[in-house]
Amino acid sequence: MTTRRTSPSDGAQGADLLLNVTLFRGMPPVMLKELATKLRPVEYRANTDIFHEGDEGASLYIILSGAVKVFIPALDGREVVLAVLRRYDLLGEMSLLDSVPRSASATTIEHTEMVSLSRRDFLSVLSRHPAAQQAIIEVLVKRLRATNQSIQDAYLLDVPGRLARRLLTIAEEHGVPTDEGIDIGLRVSQQELANMIGASRVAVNKQLQTWRRDNIVDVNRQRVTILDEEALAREFALSQ
Ligand code: CMP
């Protein structure tokens with residue numbers, strides 16, 4: 001279920017949080033404060049659809065907490081996971097820039113808080129604040145680089161290599177050190193891991209069990225802990 005809070009965010013508090021978003025960096029404080037009053041808080045429980053591929057896009061979202069899976073659903077129920085977006089990431093900017101329907105679907109994988117910005121207010125920011133145009137290019141280029149990397153991995157690495165690399169990347173971005181090793185910091189099912197690397201759930205499960213036996217990872221429900229980072233990096237290196 002979705003909880004939508006409809007009151008505009010408080011200007012000063014909202015302006016503070018905007019400082020962390022690449023899109024708004026270097027923006028004069030007065031403009032930031034004005035922009036903050038236009039943001040609408042939105043809150044979604046875990047596993048809630050935010051929008052679907054092909055929907056019309058009327059606003060973009062800035063994620064404040066939680067995690068959102070961006071994916072393309074296939075007719076047979078499988079899905080291709082393009083990215084998992086986290087705090088201060090932008091979601092839904094593409095449709096606002098090219099006026100084409102949503103390029104992918106978005107679903108929360110954790111309880112997620114965001115603020116939304118309408119197309120009109122977003123386009124006004126871009127026209128009044130030239131640095132935002134540079135920033136949006138950087139966001140898009142970063143995504144293109146990550147997508148190129150995934151395509152390269154899909155063509156050149158085997159399943160152990162792709163899985164090792166993905167676990168290390170997730171841990172690098174979200175990992176939390178624990179007594180045992182590094183909790184990768186994202187609650188993902190084995191099916192979701194499989195969808196991220198273009199493999200079957202069975203293949204991912206088999207590989208995780210092998211690594212578990214070898215004390216390279218520990219898997220407990222949706223929690224994956226890397227016990228031996230070097231061994232996992234070797235799996236990736238051997239696969240190249
Ligand atoms: P939009 O096309 O409006 O709706 C889907 C959103 O998913 C898109 O905007 C981007 O914000 C995001 N998105 C699409 N493709 C990718 C990708 N390859 N990597 C990260 N985010 C993406």
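Since the model is a prediction, treat every value here as computed from it, not as a measurement. Read the numbers this way: they start at 1 and go in the same order the structure lists the ligands and their atoms.
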Validation row: L144, L140 side chains within 4.5 angstrom (heavy atoms): no

Would you say the side chain of L167 lies within less than 4.5 Å of the side chain of L193, judging by non-hydrogen atoms?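 In short, these two side chains touch, coming nearer than 4.5 Å.
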
Between the protein and ligand 1, which nitrogen or oxygen pairs come in under 3.5 Å, and how far apart is each?
{"unit_1": "ligand 1", "atom_1": "2 (O)", "unit_2": "S103", "atom_2": "N", "d": "2.9"}
{"unit_1": "ligand 1", "atom_1": "2 (O)", "unit_2": "S103", "atom_2": "OG", "d": "2.7"}
{"unit_1": "ligand 1", "atom_1": "3 (O)", "unit_2": "G92", "atom_2": "O", "d": "3.4"}
{"unit_1": "ligand 1", "atom_1": "3 (O)", "unit_2": "S95", "atom_2": "N", "d": "2.9"}
{"unit_1": "ligand 1", "atom_1": "3 (O)", "unit_2": "S95", "atom_2": "OG", "d": "2.9"}
{"unit_1": "ligand 1", "atom_1": "3 (O)", "unit_2": "R102", "atom_2": "NH1", "d": "2.8"}
{"unit_1": "ligand 1", "atom_1": "9 (O)", "unit_2": "M94", "atom_2": "N", "d": "3.4"}
{"unit_1": "ligand 1", "atom_1": "11 (O)", "unit_2": "G92", "atom_2": "N", "d": "2.8"}
{"unit_1": "ligand 1", "atom_1": "11 (O)", "unit_2": "E93", "atom_2": "OE1", "d": "2.7"}
{"unit_1": "ligand 1", "atom_1": "11 (O)", "unit_2": "E93", "atom_2": "OE2", "d": "3.4"}
{"unit_1": "ligand 1", "atom_1": "11 (O)", "unit_2": "R143", "atom_2": "NH1", "d": "3.3"}
{"unit_1": "ligand 1", "atom_1": "18 (N)", "unit_2": "T147", "atom_2": "OG1", "d": "3.2"}

Show which side-chain atoms of residues 149-156 pair as donor or acceptor with protein atoms under 3.5 Å away, not counting sequence neighbours.
{"unit_1": "Q149", "atom_1": "NE2", "unit_2": "D153", "atom_2": "OD1", "d": "3.2"}
{"unit_1": "S150", "atom_1": "OG", "unit_2": "A146", "atom_2": "O", "d": "3.3"}
{"unit_1": "D153", "atom_1": "OD1", "unit_2": "R165", "atom_2": "NE", "d": "3.3"}
{"unit_1": "D153", "atom_1": "OD2", "unit_2": "R165", "atom_2": "NE", "d": "2.7"}

Run the side-chain donor-acceptor check on residues 87-99: report pairs under 3.5 Å with partners two or more places apart or on a different chain.
{"unit_1": "R87", "atom_1": "NE", "unit_2": "L64", "atom_2": "O", "d": "3.0"}
{"unit_1": "Y88", "atom_1": "OH", "unit_2": "N20", "atom_2": "ND2", "d": "3.2"}
{"unit_1": "D89", "atom_1": "OD2", "unit_2": "R86", "atom_2": "N", "d": "2.7"}
{"unit_1": "E93", "atom_1": "OE1", "unit_2": "R143", "atom_2": "NH1", "d": "3.2"}
{"unit_1": "E93", "atom_1": "OE2", "unit_2": "R143", "atom_2": "NH1", "d": "2.8"}
{"unit_1": "S95", "atom_1": "OG", "unit_2": "V100", "atom_2": "O", "d": "2.9"}
{"unit_1": "S95", "atom_1": "OG", "unit_2": "R102", "atom_2": "N", "d": "3.3"}
{"unit_1": "D98", "atom_1": "OD1", "unit_2": "V100", "atom_2": "N", "d": "3.0"}
{"unit_1": "S99", "atom_1": "OG", "unit_2": "R119", "atom_2": "NH1", "d": "3.3"}

Who are the side-chain contact (heavy atoms from CB on, under 4.5 Å) partners of S65, not counting sequence neighbours?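 Counting only residues at least two positions away or on another chain, S65 forms a side-chain contact (heavy atoms from CB on, under 4.5 Å) with E113.
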
Can you find a side-chain donor-acceptor pair between D183 and T225 that sits under 3.5 Å? no

